[in-house]
Every structure is written in C-alpha cells, then in structure tokens.
Amino acid sequence: MKIPPARYPSPLGRMQATPMDVEATKRQGWREQHILVISHEDERLDFLERQLIRSIGERLYGQSLGQGHPKGGGHG
C-alpha cells in the first residue's frame with residue numbers, strides 16, 4: 001500500500017498570483033466596454049487586417065519603439 005507523502009501547506013502559497021486568462025479578459029473588455037486589445041502580429045488576422053491595426057496604432061500613438069532603430073543597441 002502506497003502512502004502519499006504528507007503535504008504541509010506553505011504560508012507563501014497564498015501569496016502566489018492566480019494565473020490570468022488573458023484572452024478571457026480581452027473578450028470581456030470588448031463585450032462590456034468596447035475596448036479592443038490586439039497585436040498586429042496576431043496570427044488570427046490576415047495581412048490586410050494586420051496592416052489596418054498597425055496603421056490605427058501608429059496614427060493614434062505614433063510608431064512603435066522598434067521602428068527605425070537598428071537591432072543590437074546601435075552604440076558607437
């Protein structure tokens with residue numbers, strides 16, 4: 001007969017964050033507050049949809065930080 005080892009609950013266990021379902025949060029934000037959170041790299045979008053998302057984002061918030069800068073730091 002196998003007896004499982006005794007588990008002692010750790011007081012630190014209560015401090016661990018509960019994993020969040022990001023897609024459910026996005027869905028709830030859209031349905032309840034009409035807030036859309038989407039990446040232009042989302043694989044569910046076709047090319048034209050990605051371009052539209054990128055264009056809207058750049059018009060409202062400017063270009064992303066990665067645009068126009070060489071990769072690898074660019075010092076010196």
Side-chain angles (χ1 to χ4, degrees):
M1 176 174 177
K2 291 186 178 180
I3 300 174
R7 293 188 178 177
Y8 298 101
S10 169
L12 296 176
R14 291 186 296 255
M15 299 186 77
Q16 288 182 330
T18 304
M20 183 167 107
D21 184 351
V22 177
E23 287 300 315
T25 303
K26 291 178 185 180
R27 190 178 311 110
Q28 180 182 5
W30 173 249
R31 290 178 178 170
E32 294 178 6
Q33 299 179 9
H34 299 119
I35 296 173
L36 182 62
V37 178
I38 189 163
S39 170
H40 72 275
E41 297 175 349
D42 192 315
E43 295 178 357
R44 297 173 290 185
L45 303 175
D46 64 27
F47 176 77
L48 293 176
E49 291 168 332
R50 289 181 187 151
Q51 289 303 110
L52 178 62
I53 295 297
R54 173 175 274 176
S55 296
I56 292 170
E58 288 177 355
R59 189 181 68 152
L60 295 176
Y61 305 113
Q63 287 191 344
S64 61
L65 296 177
Q67 301 231 344
H69 299 289
K71 291 192 177 192
H75 286 108

Here the ring pair (Phe, Tyr, Trp, His ring centres under 6.0 Å) pairs for residues 19-41, sequence neighbours left out, are Trp30-His34

Donor-acceptor check, side chain of Arg50 to backbone of Glu41, threshold 3.5 angstrom: yes or no?
no

Asp46 backbone acceptor or donor facing Glu49 side chain under 3.5 Å
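Confirmed, Glu49 side chain pairs with Asp46 backbone.
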
In the hydrophobic clustering (ILVMFWY, side-chain contacts below 4.5 Å, transitive), which residues join Leu60, or is it alone?
Leu52, Ile56, Tyr61

Under the 4.5 Å side-chain heavy-atom rule for ILVMFWY, direct or indirect, which residues accompany Phe47?
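Other cluster members: Leu48.
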
Rounded distance [0.5 Å steps], NZ in Lys26 versus CD1 in Ile38:
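So the NZ of Lys26 and the CD1 of Ile38 are separated by 7.5 Å.
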
Taking atom CD as the centre, does Glu43 end up with more than 12 heavy-atom neighbours from other residues, nucleotides or ligands that are less than 6.0 angstrom away?
no

